[in-house]
Amino acid sequence: MSQDSSPKPPAVHRVLSGIQPTGRFHWGNYFGAIRQYIDLQNSGESYYFIANLHALTTIRESERLRQLTLDAALDLLALGLDPNRATLFVQSDVPEVSELCWLLMTGTPIGLLERCHAYKDKKAKGLTADAGLFTYPVLMAADILAYDANTVPVGEDQVQHIEVARDIAASFNHHFGETFVMPKAKIVASAARVPGIDGEKMSKSYNNTLEIFEDVKAQRKKIMRIVTDSRPVEQPKEPEGDHLFDLFSLFANAEDRETMAALYRRGGFGYGEVKKALADKAEAYFAEARAKRAELAGNPAKVQEILADGASRARKKAGEVLARAKRNCGLT
Ligand code: ADP
Ligand code: TRP
């Protein structure tokens, strides 16, 4: 094996994450994932992609997938992802990742994939899964390993997949010599689980979401429908563990949060007032992003240019790692 086939220790710290364009982004996506991406673009090299290959395992309507992919790019840029700092691209624009996926697949134990929750949950419901859903974590491992990523910011539900990526990387390294950098997940604990309007985890699958860029009026109506208990106005309430309070806290600074908590504990107010305060705070919080999104939506050529530039930078890095992996396992 030639000297240059082992990876150099990373001189820079690389952050990478992907998000599926399977629906319009909601507050859970923002506070659980997107906000972290954006914060981390200032530390080292960062790669963020729109995981349309993963989305293809659930979205089978071509026009819808195309539109949601563009929406995702607009949303991320509007929310502050800066293409001059971070590399933003669409997953399928980097074919090197799909090729790497096969290399990884050859050494991935079936048992490892059988334990992964997306597949396990579907099977438990008695539904049949496609090979795409079953091997989803291997493609995710390829996504991560192709860029020598050190840190992968994700929501809590994706931690298992990062563990799988680490197992796959360790096994490849063990067989073929040091090839891949070991990635680590990074979760933000304070907003690890954003509740939906029914108090369950906010998720597009539960139809309980508040979308980041939905029509302001429609959103207000939805907020007013947030499920609460029926305790009378006078009665003091405990804010901790109350999902309406948790949602309010997402947008509040420490002082506003304390004031609201005191109001809860004192009693003598209705949940309607909290909902109104929440709607006002959310609207103000996303106002700037909303304006930026409208501006970008009017200039689709610019967005396409950003994505094309991102893809070409991403391909350069993924190409290097793929060449290293192919050499180490004997394909070249
Ligand atoms: P959904 O559950 O709506 O299908 P995704 O699975 O596409 O959302 O999640 C995309 C990203 O957003 C993931 O990193 C996930 O962990 C994060 N995320 C989704 N919902 C929440 C939530 N309610 N709270 C915190 N993070 C979330
Ligand atoms: N599976 C992730 C999700 O549903 C999206 C994703 C695909 C991803 N590839 C990735 C996240 C690589 C981090 C790193 O949220």
Side-chain angles (χ1 to χ4, degrees), residues 1-18 40 43-54 56-57 86-113 115-116 131-132 134-154 158 160-186 307-332:
M1 202 56 40
S2 61
Q3 272 287 321
D4 64 351
S5 57
S6 49
K8 318 260 173 305
V12 284
H13 189 88
R14 289 194 188 80
V15 175
L16 167 136
S17 198
L40 286 165
S43 56
E45 232 176 71
S46 54
Y47 293 86
Y48 300 118
F49 62 91
I50 299 157
N52 61 343
L53 292 172
H54 279 110
L56 196 55
T57 63
T87 298
L88 173 68
F89 60 100
V90 174
Q91 186 183 28
S92 64
D93 286 344
V94 185
E96 287 78 3
V97 167
S98 298
E99 190 175 345
L100 181 62
C101 181
W102 176 258
L103 269 57
L104 301 179
M105 201 102 81
T106 58
T108 304
I110 297 250
L112 186 66
L113 301 181
R115 287 195 292 278
C116 287
F134 186 61
T135 55
Y136 174 118
V138 192
L139 179 59
M140 185 156 160
D143 283 328
I144 297 169
L145 303 177
Y147 304 98
D148 285 340
N150 307 98
T151 300
V152 187
V154 282
Q158 296 298 313
Q160 183 187 42
H161 293 150
I162 314 292
E163 289 303 317
V164 169
R166 289 171 61 89
D167 283 355
I168 293 176
S171 153
F172 195 101
N173 286 351
H174 176 74
H175 275 96
F176 301 117
E178 278 300 301
T179 307
F180 298 119
V181 169
M182 277 294 170
K184 276 209 186 84
K186 182 179 169 72
L307 294 175
D309 178 57
S312 99
R313 279 190 270 162
R315 286 195 74 176
K316 186 163 177 287
K317 179 66 193 165
E320 281 167 31
V321 176
L322 177 64
R324 187 200 295 155
K326 285 172 84 168
R327 214 165 36 235
N328 287 4
C329 72
L331 292 174
T332 54

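Not measured: the values here are computed from a predicted model.
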Exercise. Is the backbone of S171 close enough, under 3.5 Å, to the side chain of H175 for a donor and an acceptor to pair up by distance?
Worked result: yes
Seminar exercise, completed: So SG of C116 and CE of M140: to nearest 0.5 Å the spacing works out to 9.5 Å
Exercise. Would you say N150's side chain and R14's backbone share a donor-acceptor pair under 3.5 angstrom?
Worked result: yes
Problem set entry | Closest contact, heavy atoms only, P183 versus R166 | O-NH1, 2.7 Å
Seminar exercise, completed: Between V94 and A314 the two heavy atoms that sit nearest each other are CG2-CB, 3.9 Å
Exercise. Do V97 and Y147 come close enough that some side-chain heavy atom pair is under 4.5 Å?
Worked result: yes
Problem set entry | For the student: nearest non-hydrogen atoms of A323 and T332, plus distance | O-OG1, 4.4 Å
Exercise. In terms of ring plane angle, is the pair H161 and Y136 parallel, tilted or perpendicular, where the classes change at 30° and 60°?
Worked result: tilted
Problem set entry | R315 and its salt bridge (Lys or Arg N to Asp or Glu O under 4.0 Å) partner, picked from E320, E99, E96 | E96
For this session: Flag the pair E45 and K317 as a salt bridge only when some basic side-chain nitrogen lies within less than 4.0 angstrom of an acidic carboxylate oxygen.
Result: no
Exercise. Do the side chain of Q158 and the main chain of P153 share a donor and acceptor less than 3.5 angstrom apart?
Worked result: no
Problem set entry | Any side-chain donor near an acceptor of the partner, T151 and H13, under 3.5 Å | yes
For this session: Answer yes or no: is there a side-chain heavy-atom contact under 4.5 Å between V152 and K184?
Result: no
Problem set entry | Closest non-hydrogen atom pair between A311 and F89, with its separation | N-CB, 3.6 Å
Problem set entry | Side chain to side chain, F172 and T108, heavy atoms closer than 4.5 Å | no
Problem set entry | For S46 against A86, the heavy-atom pair lying closest together | OG-CB, 3.3 Å
For this session: Quick one: pull up OG1 in T179 and NZ in K326 and give me the separation to the nearest 0.5 Å.
Result: 14.0 Å
Exercise. Any side-chain donor paired with an acceptor under 3.5 Å for R313 and T87?
Worked result: yes
Exercise. Closest heavy-atom contact between A185 and V154?
Worked result: CB-CG2, 4.3 Å
Exercise. Going from CZ on R327 to CG on L322, what distance comes out if it is rounded to the nearest 0.5 angstrom?
Worked result: 10.5 Å
Problem set entry | I162, V15, L40 screened by side chain to side chain contact (heavy atoms under 4.5 Å, CB included) with K186, the one that passes | L40
Exercise. For the atom pair CG (N328) and CZ (F180), what is the distance rounded to the nearest 0.5 Å?
Worked result: 8.5 Å
Problem set entry | Nearest-0.5 Å distance that lies between atom CG in D309 and atom CG in L88 | 10.0 Å
Exercise. Looking at side-chain heavy atoms only, is the closest gap between L112 and I168 below 4.5 Å?
Worked result: yes
For this session: Can you spot which of Y47, Y48, F49 makes a side chain to side chain contact (heavy atoms under 4.5 Å, CB included) with S17?
Result: Y48
Problem set entry | Close side-chain approach of F176 and L103, heavy atoms under 4.5 Å | no
Problem set entry | Test side chain to side chain contact (heavy atoms under 4.5 Å, CB included) applied to L145 and L104, V321, L16, the passing residue | L104
Exercise. Taking it one step at a time, do D93 and N52 satisfy side chain to side chain contact (heavy atoms under 4.5 Å, CB included)?
Worked result: CA-CA 10 Å; D93 286 344; N52 61 343; over 6 Å; no
Exercise. Q91 and D143: side chain to side chain contact (heavy atoms under 4.5 Å, CB included), yes or no, with the steps?
Worked result: CA-CA 8 Å; Q91 186 183 28; D143 283 328; 3.0 Å; yes
